[in-house]
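For reference, positions follow the sequence shown, starting with 1. Given the structure is predicted, the values throughout are model-derived calculations rather than measurements.
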Amino acid sequence: MTDDVLLTQGNGAFEWTERHYQNLATKQKLVDSLFVNDWDAFAETVTDDVKLIEPDALPFGGTYVGIAGFKEAWAKIPQVSHKTTAIATLHTYMTANPDHLWVELDCKMTRNDNGESMDRIVMEKFEFKGGKISAIILYWDNIPADLK
């Protein structure tokens, strides 16, 4: 391995800025509003063209745009795939770019097709523009090939 390859990995610690803290608070407000279906509070946290991007391998995979898109995905997931029974945040990762943060989630779900429990680690990347969330991109660990 050459030194130039290592330079691209972990450039060391960085100082959190006020924008880091503001974006983290905005992300938490979005999560809080989403789980009580407070779409007015949700709207205050996102850009008009916010994107929710789910892995294509999922039955609800694709890109959902705007609040209408979020509502569509929020209703579609338990209809076509699974019901989430618990979500625990394992870690929140800030980056040197305050407009990107990652959340590692431990998700417990029940499959619609066979009733089996399914535990997965899901990563969410939050992107911000102007202090509002402009995208949430989800990455799933080990998507079952037969998930319905």
Side-chain angles (χ1 to χ4, degrees), residues 4-112 118-148:
D4 60 329
V5 172
L6 294 176
L7 289 175
T8 65
Q9 300 296 314
N11 294 325
F14 60 91
E15 295 284 328
W16 282 32
T17 66
E18 185 60 32
R19 200 158 88 207
H20 282 94
Y21 290 105
Q22 290 169 349
N23 287 344
L24 183 59
T26 299
K27 190 275 304 177
Q28 190 57 51
K29 184 176 178 181
L30 174 133
V31 170
D32 292 345
S33 65
L34 189 59
F35 284 100
V36 296
N37 292 313
D38 183 347
W39 295 105
D40 292 332
F42 180 90
E44 294 173 7
T45 66
V46 298
T47 61
D48 291 339
D49 62 346
V50 63
K51 291 178 181 65
L52 173 64
I53 304 171
E54 295 279 2
D56 287 337
L58 294 168
F60 51 88
T63 300
Y64 300 85
V65 180
I67 294 173
F70 260 86
K71 287 180 178 180
E72 177 187 350
W74 202 238
K76 186 176 186 179
I77 293 168
Q79 291 173 356
V80 303
S81 179
H82 65 273
K83 306 222 179 2
T84 302
T85 57
I87 298 177
T89 299
L90 299 174
H91 303 282
T92 299
Y93 302 97
M94 302 302 285
T95 69
N97 179 344
D99 290 329
H100 293 202
L101 71 86
W102 291 81
V103 179
E104 181 181 10
L105 302 170
D106 180 13
C107 298
K108 303 202 179 308
M109 301 162 268
T110 303
R111 293 176 57 149
N112 289 353
M118 180 174 67
D119 296 347
R120 292 291 179 271
I121 298 297
V122 176
M123 297 294 294
E124 294 179 322
K125 180 185 182 198
F126 287 80
E127 297 180 358
F128 296 81
K129 284 185 188 169
K132 293 189 172 193
I133 296 165
S134 60
I136 303 173
I137 305 163
L138 283 90
Y139 300 87
W140 277 52
D141 163 57
N142 196 19
I143 298 172
D146 64 341
L147 182 63
K148 297 185 192 267

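- One distance of note links CD of Gln28 with OG of Ser33; it measures 9.5 Å at 0.5 Å rounding.
- A 4.5 Å side-chain heavy-atom check between Leu90 and Ile121 finds at least one atom pair inside the cut-off.
- When all heavy atoms are compared, the tightest approach of Leu105 to Thr89 is CD2-OG1, 3.5 Å.
- Annotation: side-chain hydrogen bond (donor to acceptor under 3.5 Å, both in side chains) contacts involving residues 127-139, sequence neighbours excluded, comprise Lys125-Glu127.
- Aromatic ring centres of Trp74 and Phe35 lie closer together than 6.0 Å.
- Once rounded to the nearest 0.5 Å, the distance linking CG of Asp40 with CG of Asp38 reads 6.0 Å.
- Applying the side chain to side chain contact (heavy atoms under 4.5 Å, CB included) test to Ile53 and every residue at least two apart in sequence or in another chain returns Lys51, Thr63, Ile137.
- Rounded to the nearest 0.5 angstrom, Gln79 CD and Asn112 CG are separated by 9.5 Å.
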#### Entry: Pair Leu34-Trp39, side-chain contact (heavy atoms from CB on, under 4.5 Å): steps then yes or no
CA-CA 7 Å; Leu34 189 59; Trp39 295 105; 3.6 Å; yes
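- The minimum heavy-atom distance linking Ile143 with Pro55 is given by the pair CD1-CB, 3.9 Å.
- Taking both residues in full, the closest heavy atoms of Val50 and Ala135 are given as CG2-N, 4.0 Å, listed atom of the first, atom of the second, then distance.
- The aromatic rings of Trp16 and His20 sit parallel, their planes meeting at an angle under 30°, below the 60° perpendicular limit.
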### Query
How far apart are the C-alpha atoms of His100 and Asn23, what are their side-chain angles, what is the distance that settles it, and do they pass the side-chain contact (heavy atoms from CB on, under 4.5 Å) test?
CA-CA 9 Å; His100 293 202; Asn23 287 344; over 6 Å; no
### Query
Stepwise, does the side-chain contact (heavy atoms from CB on, under 4.5 Å) test hold for Ile87 with Thr84?
CA-CA 7 Å; Ile87 298 177; Thr84 302; 3.5 Å; yes
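- For the residue pair Ile136 and Leu30, the shortest heavy atom distance occurs at CD1-CD2, 4.1 Å.
- A distance of 15.0 Å separates CH2 in Trp102 from NE2 in His91, rounded to the nearest 0.5 Å.
- Annotation: side chain of Pro144 is in contact with side chain of Arg111 (closest heavy-atom distance under 4.5 Å).
- Partners of Asp106 under the salt bridge (charged side-chain N to carboxylate O under 4.0 Å, His left out) rule, at least two apart in sequence or in another chain, are Lys108.
- Residues Thr95 and Asn97 have side chains that never bring a donor and an acceptor to within less than 3.5 angstrom of each other.
- Between atom OG1 of residue Thr85 and atom NZ of residue Lys83 there is a gap of 11.5 Å, rounded to the nearest 0.5 Å.
- Ala41 and Lys29 make their closest contact through O-CE, 4.2 Å (heavy atoms, listed as atom of the first residue, atom of the second, distance).
- With contacts defined as side-chain heavy-atom distances shorter than 4.5 Å, the pair Phe128/Thr26 qualifies.
- Side-chain contact between Val46 and Ile67: present, with at least one pair of heavy atoms (C-beta onward) separated by less than 4.5 Å.
- Side chains of Phe126 and Asp99 form no contact here, defined as non-hydrogen atoms less than 4.5 Å apart.
- By the neighbour-count criterion of 12 heavy atoms within 6.0 Å, atom CG of Asp48 is sparsely surrounded, having that number or fewer from other residues, nucleotides or ligands.
- When side chains are defined from C-beta on, Met109 counts as touching Arg120, because their heavy atoms get closer than 4.5 Å.
- Using a 4.5 Å heavy-atom cutoff, the side chains of Trp140 and Met123 are not in contact.
- Put simply, the side chain of Thr17 gets close to the backbone of Arg19: a donor and an acceptor are under 3.5 Å apart.
- What you find for Leu52 and Ala73 is that their closest heavy atoms are CD2-CB, 3.6 Å.
- Taking the centre of each ring, Phe70 and Tyr64 stay at or above the 6.0 Å mark.
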